[in-house]
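No hydrogens, no waters, no symmetry mates; every other heavy atom, side chains included, goes into these values.
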Amino acid sequence: MSTRTRLELHPLPTTLAAVALVAAGSLTVSSAPAQAAACNGYVGLTFDDGPSGNTPALLNALTQNGLRATMFNQGQYAAANPSQVRAQVNAGMWVGNHSYTHPHLPQLGQAQIDSEISRTQQSIAAAGGGTPKLFRPPYGETNSTVKAVEAKYGLTEIIWDVDSQDWNGAGTDAIVQAAGRLGNGQVILMHDWSANTRAAIPRIAQGLTARGLCAGRISPQTGRAVAP
């Protein structure tokens, strides 16, 4: 006798009936795996220049909208705001290295570049952010010397595929539209301090969901966004 027939002959309380149907594979319930199955691709949301006094509101906006992101922290700010680095990790974010003082690295000598990168590794780790595996050079500026120092510290250089232009005064609508250009595996540049970016987060989340995309982590192996 099938499950359906048994249920028709012997009605069960609603909860028991639901359990029986789930066991028979006749009923699906929403769960984390079901949500994961809706991800047809992943994008990398990144926020530079934190942590700061703006970080708590940014983290709140991200978590409320079910988003995870990579926070490319400046070492000087990580050292000054260690509790915010821990808050980033506790909120499910990943922490990357964005140099110590945000200089134009290609204009520096190798020893100075090394100092910028190594001190940031140390300050983020000391603050509880783990040892970063990803590095974003300030202004996206790099050269062979920068790359050699990155390699010394086991860092993968991450630039971006889409620039939100939030650093250039872009409005919330423009930031949402920029996120709408993201494709599977791609990375978008945003900033910790931008109020317009923070305001755009709910709509960014809605837009990704509508396109079957989810916020993922950035792979140190490929530099592309992948499943968390």
| If only atom types and distance count, is the side chain of N60 paired as donor or acceptor with the main-chain N or O of P56 below 3.5 Å? |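 No.
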
| Where the side chain of Q186 meets the backbone of G183, is there a donor-acceptor pair that is under 3.5 Å apart? |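 It does hold such a pair.
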
Measuring only between side-chain heavy atoms, which start at C-beta, is [X] closer than 4.5 Å to [Y]?
X: P106; Y: T142; value: no
X: N40; Y: L213; value: no
X: M71; Y: L58; value: yes
X: I117; Y: N97; value: yes

Heavy atoms only: give me the nearest [X]-[Y] pair and the separation to one decimal.
X: A215; Y: P228; value: O-CG, 3.9 Å
X: Y100; Y: A79; value: OH-CB, 3.8 Å
X: T46; Y: L189; value: OG1-CA, 3.7 Å
X: R211; Y: A179; value: NH2-O, 3.2 Å
X: P137; Y: E157; value: CD-CG, 3.8 Å
X: L108; Y: I113; value: O-CD1, 3.7 Å

| field | Plane angle bin for H102 and H98 - parallel if under 30°, tilted between 30 and 60°, otherwise perpendicular | value |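 Because their plane-to-plane angle is over 60°, the rings of H98 and H102 count as perpendicular.
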
Is the closest side-chain donor-acceptor distance between [X] and [Y] under 3.5 Å?
X: W193; Y: N54; result: no
X: D166; Y: S164; result: yes
X: Q88; Y: N73; result: yes
X: T70; Y: R217; result: no

| request: Please report the C-alpha distance between T55 and D192 in whole Å, then the side-chain angles of each, then the deciding distance to 0.1 Å, and finally whether the side-chain hydrogen bond (donor to acceptor under 3.5 Å, both in side chains) criterion is met. | output: CA-CA 6 Å; T55 302; D192 171 275; 2.8 Å; yes

| Does one hydrophobic cluster hold both M93 and L45, with members joined at side-chain heavy-atom distances below 4.5 Å? |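 Linked within one cluster.
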
| message | Please tell me whether L182 and I175 are part of a single hydrophobic cluster in this structure, the criterion being side-chain heavy atoms less than 4.5 Å apart. | response |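 Cluster IDs for L182 and I175 match.
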
| Given the rule in the salt bridge (Lys or Arg N to Asp or Glu O under 4.0 Å) test, do R203 and D173 qualify, once you have shown the distances and angles that lead to the verdict? | CA-CA 9 Å; R203 291 166 59 195; D173 288 346; 2.9 Å; yes

Supply the atom-to-atom distance [X] [atom1] to [Y] [atom2], rounded to the nearest 0.5 angstrom.
X: R181; Y: D163; atom1: CZ; atom2: CG; value: 8.5 Å
X: I201; Y: T63; atom1: CD1; atom2: OG1; value: 9.5 Å
X: S219; Y: K133; atom1: OG; atom2: NZ; value: 12.5 Å
X: N81; Y: R86; atom1: CG; atom2: CZ; value: 10.5 Å

| query | Strictly under 6.0 Å, is that where the ring centroids of F47 and H191 end up? | reply |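 They do not qualify: ring centres at least 6.0 Å apart.
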
| request: Give the intermediate values and the outcome of side chain to side chain contact (heavy atoms under 4.5 Å, CB included) for residues Y42 and V226. | output: CA-CA 6 Å; Y42 294 89; V226 297; 5.6 Å; no

| Mind checking what makes ring-ring contact (aromatic ring centres under 6.0 Å, His included) contact with Y153, not counting sequence neighbours? |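 ring-ring contact (aromatic ring centres under 6.0 Å, His included) list for Y153, sorted by chain: empty.
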
| message | My understanding is that a hydrophobic cluster links ILVMFWY residues whose side chain heavy atoms are under 4.5 Å apart, including indirect links. Using that, what else belongs to the cluster containing W94? | response |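 So far as hydrophobic clustering goes, W94 is joined with none.
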
